[in-house]
> 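For reference, the structure I am asking about is given below.
Each chain gets a letter, A, B and so on, in the order the sequences are listed, and its residues count up from 1. What's counted below: heavy atoms across the whole structure, side chains too, no hydrogens, waters or symmetry copies.
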Protein chains: 2
Amino acid sequence: MAKHDPDLSQLFHALADPTRRSILTRLAEEPARVTDLAAPTGLRLPTVMRHLSVLEEAGLISTSKDGRIRTCAVVPEALDPVRTWLDEQRVIWEARLDRLDAFVMNVMKERAE
Amino acid sequence: MAKHDPDLSQLFHALADPTRRSILTRLAEEPARVTDLAAPTGLRLPTVMRHLSVLEEAGLISTSKDGRIRTCAVVPEALDPVRTWLDEQRVIWEARLDRLDAFVMNVMKERAE
DNA sequence: GTGATAGTTAGCATTATGGCTAAGCATGAT
DNA sequence: ATCATGCTTAGCCATAATGCTAACTATCAC
């Protein structure tokens with residue numbers, strides 16, 4: 001009931017931080033270097049590095065180093081498990097709504113009798 | 001780029017815990033009492049209570065007390081901001097893909113000349 | 001009223017998170 | 001060779017998160 005989607009926890013956790021979400025949004029526009037990502041956050045480099053590694057470990061971004069410059073880019077399909085989970089939730093919920101509907105209809109029918 | 005959606009952080013954080021997700025999934029089937037929610041988790045009541053208040057503060061569930069029994073139920077529209085954020089990300093990403101596409105097409109056209 | 005049941009509150013221990021500084025290590029430019 | 005740049009590592013601090021136990025309150029059933 002918990003163990004079989006460890007990455008979902010990791011994903012949600014990575015997304016739970018506004019700084020990380022803003023980095024993601026920025027990277028969705030175009031790949032960027034670590035320093036450029038750090039600038040708008042007002043945070044120090046090591047702090048941003050940590051955010052980046054959280055994002056990378058969650059699979060949300062990929063990075064590569066060329067010379068002394070590390071370039072980061074989003075991994076768009078990384079959000080798929082999140083979407084899938086949300087959709088599953090919706091399906092279950094709607095099934096429940098349907099049952100509720102049926103229940104209400106039943107009650108109304110009984111009342112009418 | 002961070003302050004104006006505090007609930008998004010709260011939502012993602014609430015969803016980042018497997019126990020809380022399993023509670024949500026269970027509640028999506030049908031409303032339940034605190035004790036019934038606690039049972040399958042193997043956790044103590046106070047611990048589960050804390051998870052429930054995290055979920056409630058994030059707006060993901062609502063609870064009400066009747067006599068000594070507290071009943072919890074999901075709030076389905078609570079996930080909407082999450083969906084919206086995901087969709088926005090996808091839009092930005094796709095715009096970027098389109099630009100990349102245009103770029104590639106351009107290069108190919110130039111080569112052909 | 002006694003006792004079981006359902007939840008709540010208080011407080012504690014452990015670990016994780018998010019920020020920092022200081023110092024280190026490559027690489028690129030001169 | 002020297003220096004600036006860009007990233008990295010190590011280590012510290014404060015706070016928040018997750019679990020627990022123990023004790024307490026409020027209801028319901030007899």
> Can any side-chain N or O of B:Q89 pair as donor or acceptor with the backbone N or O of A:A28 at less than 3.5 Å?
no
> Where along residues 44-60 of chain B does a heavy atom come under 4.0 Å from DNA chain D, residue by residue in number order?
B:R44, B:P46, B:T47, B:R50, B:H51
> Taking salt bridge (Lys or Arg N to Asp or Glu O under 4.0 Å) as the test, write out the residues that go with B:R26, two or more places apart.
none
> Looking at A:L15, is its backbone amide N or carbonyl O close enough to the side chain of A:R20 to form a donor-acceptor pair, meaning the two atoms are under 3.5 Å apart?
no
> Looking at A:T71 and A:R33, would you say the former's side chain and the latter's main chain have a donor-acceptor pair under 3.5 Å?
no
> Counting only pairs under 3.5 Å, give me each side-chain donor-acceptor contact of residues 59-68 of chain A, with atom names and distances, residues two or more places apart or in other chains.
from  : atom 1 : to    : atom 2 : distance (Å)
A:T63 : OG1    : A:E56 : OE2    : 3.3
A:T63 : OG1    : A:R70 : NH1    : 2.7

> Taking N or O atoms only and anything under 3.5 Å, show me the protein contacts with nucleotides 14-16 of chain C, one pair per line.
none

> Decide yes or no for A:L37 and A:H51: does some side-chain heavy atom of the first lie under 4.5 Å from some side-chain heavy atom of the second?
no
> Could I get the full list of salt bridge (Lys or Arg N to Asp or Glu O under 4.0 Å) partners for B:R44, not counting sequence neighbours?
none
> Do A:H13 and A:E57 touch side chain to side chain, with heavy atoms closer than 4.5 Å?
no
> Looking at the side chain of B:D17, which of D:dT8, D:dT18, C:dC20 is the nearest nucleotide?
D:dT18
> Can you tell if the side chain of A:W85 reaches within under 4.5 Å of the side chain of B:V82, non-hydrogen atoms only?
no
> Pick the closest DNA chain C nucleotide for B:D36 and for A:G42 by heavy atoms, then say which residue is nearer the 5' end.
B:D36
> Any chance you could list the contact pattern along nucleotides 24-30 of chain D? Use B for base contacts, S for sugar-phosphate-only contacts and - for none, protein heavy atoms under 4.0 Å, 5' to 3'.
---BS--
> When you measure from the side chain of B:R90 to the backbone N and O of A:L79, does any donor-acceptor pair fall under 3.5 Å?
no
